[in-house]
Amino acid sequence: MSVCVIGAEKGGVGKSTLTENAAAIRAEVGYRVVIADFDNQGTCSKWISRREEHPDLAKIAVRRLRKEDRGNLRAFGELVQELVDSYDDVLIDVGGQDTGIFRAALAVADKVIVPLTPSPDDLDTVPDLADIVRRFDKPLDIRIVLNMTSGQPTMLKSMKKGLEGFSDVLPLMPKMIGTRVAFKYAKNKGQGVAELSKADGYDPHAANEMKDFYLGVFGK
Ligand SMILES: Nc1ncnc2c1ncn2[C@@H]1O[C@H](COP(=O)(O)OP(=O)(O)OP(=O)(O)O)[C@@H](O)[C@H]1O
Ligand SMILES: [Mg+2]
C-alpha cells in the first residue's frame, strides 16, 4: 500500500497529467489503483470518465469529496483512510493553494512529487514550499520533477540553478519530462501516453519519459 501525493502550489504544471499517467502504468502493472481527485476542476475524474469508454484498459478508480466537503479536513481524512483500506495505491492530485488540504495530504503521504515547469513563476513558489518541508512535523519523501521542459534551454538551466539552493529539502528527480503533444491526445482519450495507439498519436519519447517517471516514483 502506498499513498503518493502529486501536488504543487502552482496551477497548470502537470499535476493531473502526471497523476493520470502514473496511475495508468501502475494499474497496467497489476495494482489496484485509485486517484483521489482533490482538484476542484475534477480533471482526473473527467479523464477517468473518458477511460471508462475503453473497457480493455486497466481499471483505475477515482474518488472526490462532495462539493460541500471541499476544504473540510475531517472529510479529507475519512476519504483517504477509506481509500487506503480498499486499494493498493492511492494517488492524490492536490493543489497547494488550499494550504490546509495540501498539508493534510503531505501528512498522509508516503511520497510526494511536485511538478514544476521551467519558469520564474514556478521557481518563486519553491522557497515557501521548502519552508513547509523544513518545518513539517515528519520527514517527507518529497521530490521535484521538471515537466514541459522542451525548447527553453536557457530557462531550464536557470531553473536547475535556482533549485540547487533547495536540494537539501527538495531534491530534483534526475529525469525530466518534455513538452509532448501526446499528453494532450492521451488526455482526450482517457489513456496514458504509454497506452496510445500509433493512430491516436503514440510518441515513444513521451511514453519512455513517463515510464522513467513511473519508475522514479514507484521503483518497479
Ligand atoms: N509534458 C507535457 N507536455 C505537453 N503538455 C502537457 C504536459 N504536461 C501537462 N501538459 C498539459 O498542460 C496543461 C496543464 O496540465 P495539468 O492539467 O495536468 O496541470 P495541473 O497542474 O493539474 O493544473 P491545475 O492547477 O489547473 O489543476 C494540460 O493541458 C496538459 O495537457
Ligand atoms: Mg489539475
Side-chain angles (χ1 to χ4, degrees), residues 4-26 34-51 60 62-65 67 70-71 76 90-99 101-102 105-106 109 112-119 121-126 128-129 142-153 155-156 159 170 172-196 200-217:
C4 175
V5 170
I6 302 191
E9 183 186 333
K10 190 70 177 19
V13 291
K15 299 181 288 292
S16 302
T17 303
L18 299 185
T19 303
E20 292 156 6
N21 277 276
I25 299 179
R26 192 69 175 160
V34 62
I35 295 176
D37 183 0
F38 294 108
D39 171 348
N40 289 348
Q41 302 159 91
T43 308
C44 292
S45 304
K46 291 174 193 151
W47 176 77
I48 293 280
S49 325
R50 294 193 286 277
R51 188 175 181 85
I60 302 167
V62 66
R63 292 288 300 277
R64 307 178 69 181
L65 282 177
K67 214 168 184 176
R70 283 186 195 154
F76 171 89
V90 184
L91 277 83
I92 300 183
D93 174 8
V94 66
Q97 291 93 344
D98 181 346
T99 325
I101 293 285
F102 185 61
L106 296 184
V112 184
I113 305 295
V114 181
L116 294 178
T117 69
S119 111
D121 292 339
D122 289 17
L123 191 55
D124 282 347
T125 65
V126 171
D128 281 355
L129 178 61
I142 182 165
R143 281 166 297 159
I144 288 176
V145 63
L146 288 176
N147 186 26
M148 293 188 260
T149 56
S150 308
Q152 35 184 340
M155 190 53 236
L156 184 58
M159 186 79 185
L170 292 169
L172 189 56
M173 290 177 84
K175 307 235 173 157
M176 305 179 294
I177 301 160
T179 314
R180 317 265 180 214
V181 70
F183 282 99
K184 306 228 184 225
Y185 296 145
K187 196 171 271 279
N188 206 25
K189 290 248 153 201
Q191 291 179 303
V193 285
E195 295 170 325
L196 274 177
D200 287 331
Y202 176 79
D203 170 1
H205 299 293
N208 286 334
E209 285 169 354
M210 198 37 58
K211 282 176 194 157
D212 285 340
F213 174 70
Y214 168 83
L215 288 174
V217 176

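Atoms within a ligand are numbered from 1 in the order they appear, just like the ligands themselves.
The pair Glu20-Arg50 does not count as a salt bridge, with every side-chain nitrogen at least 4.0 angstrom from each carboxylate oxygen. Salt bridge Asp200/Lys189: present, at least one basic N to carboxylate O contact under 4.0 Å.
Atom OH of Tyr202 is surrounded by more than 12 heavy atoms from other residues, nucleotides or ligands within 6.0 Å.
Residues Ser16 and Asp93 approach most closely at OG-OD2, 2.7 Å, considering heavy atoms. In plain terms, the two heavy atoms of Thr149 and Gly178 that are nearest each other are OG1-CA, 3.6 Å. Taking each heavy atom of Cys44 and Ile35 in turn, the nearest pair found is CB-CG2, 3.9 Å. Closest non-hydrogen pair, Leu116 versus Asp122, comes out as C-OD2, 3.6 Å.
In this structure the side chain of Trp47 reaches within 4.5 angstrom of the side chain of Ile60, judged on heavy atoms. The side-chain heavy atoms of Phe213 and Lys175, taken from C-beta on, include no pair separated by under 4.5 Å.
Note on the Mg ion (ligand 2): protein N/O/S atoms under 2.8 Å are Ser16 OG, Asp39 OD2.
Listed by chain and residue number, the protein contacts of ligand 1 are Gly11, Gly12, Val13, Gly14, Lys15, Ser16, Thr17, Asp39, Gln41, Asn147, Met148, Ile177, Gly178, Thr179, Arg180, Phe183, Lys184, Lys187 (heavy atom within 4.0 angstrom).
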